[in-house]
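For reference, the structure discussed in these notes is given below.
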Amino acid sequence: MPHDVFISYSQKDKPIADAICANLEIAGFRCWVAPRDIAPGMDWPTAISAAIALSRVMVLVFSADSNRSKQVGNEISLAFDNNLIIIPFKIDNTAPEPGKQYYLARTHWLDAMNPPTQEQINTLVGCVRSFLVGQKTTETAQPAPEVKPPPPQTVKVEPASLQKAAGRKSLWIWGVLLLAAIITGSIFIMRPLGSDPLPTSTSVPSFTSTSTLTSTPTPSRTSTPRPTATKTPQPAWVTDFAQPILDIIASRSPSFQDDFGLGSAGWKADDYCGRRMQYVEGELVVTDCRLSNPNINYVDFVAEFDARYFAGAGKDSEWAFHFRDIGPSYEIRINYLGDVRLFFYEGNDSDFPGVANPGEQSNHVMVIAKGSRIAFYINSEPLTAVDISSLRYGDLRFFADGTILAIDNFKIWNINSLP
């Protein structure tokens, strides 16, 4: 579904982004903001790309944190490519780094220094309204049909009559023009009943902002379809196990979620790690260590998250998500090349070469565990499902094995009461 406004922000500025979203929606504008509007099972980059393509305005909460954020930089680039109007809402005195300056140099900035006031947010709402209302008006208005007067008629006069006709020539021409105008007007006013309508112009004028917020005309919007499931037949385990569970949780809030912004708590690194767990630009980063959250150790669950190698990570190592971790655990591992390995300590381990995004690109992982069956998705694509003969229940853990792991957008549903 198209939205009016896409809100781009660093996770550390989430309270301000939420306040902006609330005020815009009270004013009647449809907003898209992460992670609220990302559907379960949809990977983060795909959801953001689709949302930007279906929006008309980007509100950028600009700060030192968003200035450093590569994710925000990618969103600005996508907004620019999709001809969105970009409105930077500046909440501290930070100059944009060169990459962002390229896209923002010709935009008009709204200043709202630490912290933004309600009056400044109201000014932002008014600015958004001025663009969206202007776009709506110009996108629906049709130009009036153009009526061209016929060319002047030439009157042939015999040489002998030239002097006599000279005094009447001007009056005669004006009479012809008046008659032509009357006839032309009657064509548009008095069409015979049941006749075909006259063709009208199909051109729609583009809205060109008179503000300095953008220098390019805003084209009429064309809907970009959201990604759909692959046309190849789905594995049987998707239709008879995984999808029914995903359909149920789609209407339920997660039992626990964390975007690792302000207020994130409950995560604990193993004792030997020292200070190798930290929060960096809205991600939970762990270096060559394990971490867990003892408050979310559910028996049956759906867990999803984004994970990637952090800058400077060792390229010959792996990171892993352990679950039901008591002694030997079950786990999914991804290495720098994008190879996926599943371990179950029961002789049915599996390798899937190259199915994940390689390098420092983010991967969206989903694990569904209910009873003796466990299913896996990578970047919203079904990977495999396995049946376990020996049930284990225990901790959920992340493990950076000789590397640096960054985790974001963690969600988990407790599904032990589902049918």
Side-chain angles (χ1 to χ4, degrees), residues 10-12 43-45 65 68-71 256-262 264-297 301 303-345 349-367 369 376 378-379 383 392 394-412:
S10 165
Q11 293 294 333
K12 294 183 179 180
D43 71 283
W44 191 270
D65 295 312
R68 290 190 297 264
S69 172
K70 292 182 179 179
Q71 179 73 25
F256 174 85
Q257 63 180 354
D258 201 337
D259 58 11
F260 305 110
L262 295 175
S264 177
W267 298 91
K268 181 180 182 299
D270 286 3
D271 292 338
Y272 72 88
C273 294
R275 300 183 63 181
R276 281 181 268 166
M277 185 193 86
Q278 57 184 321
Y279 297 92
V280 180
E281 291 190 27
E283 292 178 304
L284 180 58
V285 178
V286 58
T287 303
D288 195 20
C289 187
R290 296 198 313 174
L291 60 83
S292 61
N293 189 326
N295 300 316
I296 55 174
N297 294 324
F301 63 87
E304 63 173 343
F305 55 88
D306 296 317
R308 66 182 182 91
Y309 285 88
F310 202 73
K315 295 178 175 53
D316 297 325
S317 303
E318 298 176 311
W319 63 262
F321 174 60
H322 299 213
F323 51 96
R324 296 181 175 178
D325 186 2
I326 297 180
S329 64
Y330 307 133
E331 62 187 71
I332 177 171
R333 286 179 170 260
I334 298 179
N335 68 15
Y336 198 83
L337 299 176
D339 300 335
V340 177
R341 307 178 68 192
L342 304 179
F343 291 90
F344 299 100
Y345 295 98
D349 304 339
S350 303
D351 292 335
F352 301 88
V355 301
N357 293 326
E360 295 176 9
Q361 299 179 65
S362 180
N363 282 285
H364 186 78
V365 179
M366 175 180 285
V367 179
F376 301 87
I378 297 293
N379 298 322
L383 183 61
R392 295 180 179 276
D395 295 341
L396 304 179
R397 297 179 183 271
F398 289 97
F399 183 25
D401 186 3
T403 189
I404 307 173
L405 169 66
I407 312 157
D408 201 0
N409 309 310
F410 183 89
K411 297 179 184 178
I412 188 166

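Count residues from 1 along the sequence. Remember, it's a predicted structure, so these values are computed and weren't measured experimentally.
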Begin with the C-alpha distance, continue with both residues' side-chain angles, and end with the deciding distance and a verdict on side chain to side chain contact (heavy atoms under 4.5 Å, CB included) for Phe310 and Glu283.
CA-CA 10 Å; Phe310 202 73; Glu283 292 178 304; 3.9 Å; yes
So do the side chains of Glu281 and Lys70 get within less than 4.5 Å of each other, counting heavy atoms only?
no
Please give me the minimum heavy-atom distance between [X] and [Y], naming the atom from each residue.
X      : Y      : value
Ile378 : Val355 : CG2-O, 4.0 Å
Pro294 : Gly266 : CD-O, 3.7 Å
Ile296 : Leu396 : O-CD1, 3.3 Å
Ala320 : Arg333 : CB-CG, 3.4 Å
Tyr309 : Gly359 : CD1-O, 3.5 Å
Leu405 : Ala307 : CD1-CB, 3.9 Å

Is the ring pair [X]/[Y] parallel, tilted or perpendicular, if the boundaries are 30 and 60 degrees?
X      : Y      : result
Phe399 : His322 : perpendicular
Phe323 : Phe301 : perpendicular
Tyr279 : Phe260 : tilted
Phe398 : Trp267 : tilted

[atom1] of [X] to [atom2] of [Y]: how many Å apart, nearest 0.5 Å?
X      : Y      : atom1 : atom2 : answer
Lys12  : Asp65  : NZ    : CG    : 5.0 Å
Leu291 : Ile407 : CG    : CD1   : 5.0 Å
Met277 : Cys289 : CE    : SG    : 9.0 Å
Asp408 : Trp44  : CG    : CH2   : 6.0 Å
Asp306 : Gln361 : CG    : CD    : 12.5 Å
Asn293 : Ser264 : CG    : OG    : 8.5 Å

Is a side-chain N or O of [X] found less than 3.5 angstrom from the main chain of [Y], in a donor-acceptor match?
X      : Y      : answer
Asn335 : Ser317 : no
Asp259 : Asn409 : no
Asp288 : Gly402 : yes
Asn379 : His364 : yes

Between Arg397 and Glu331, does at least one N-O distance fall below 4.0 Å, as a salt bridge requires?
no
Given side chain to side chain contact (heavy atoms under 4.5 Å, CB included), test Val286 with Trp319 step by step and report yes or no.
CA-CA 10 Å; Val286 58; Trp319 63 262; over 6 Å; no
Qualifying residue, where the test is side chain to side chain donor-acceptor pair (under 3.5 Å) with Arg290 and the options are Asp395, Asp270, Asp401
Asp270
Identified side chain to side chain contact (heavy atoms under 4.5 Å, CB included) counterpart of Phe352 within the set Ile334, Ile332, Asp339, Val340:
Val340
Listed by chain and number, what are the side-chain hydrogen bond (donor to acceptor under 3.5 Å, both in side chains) partners of Gln11, not counting sequence neighbours?
none
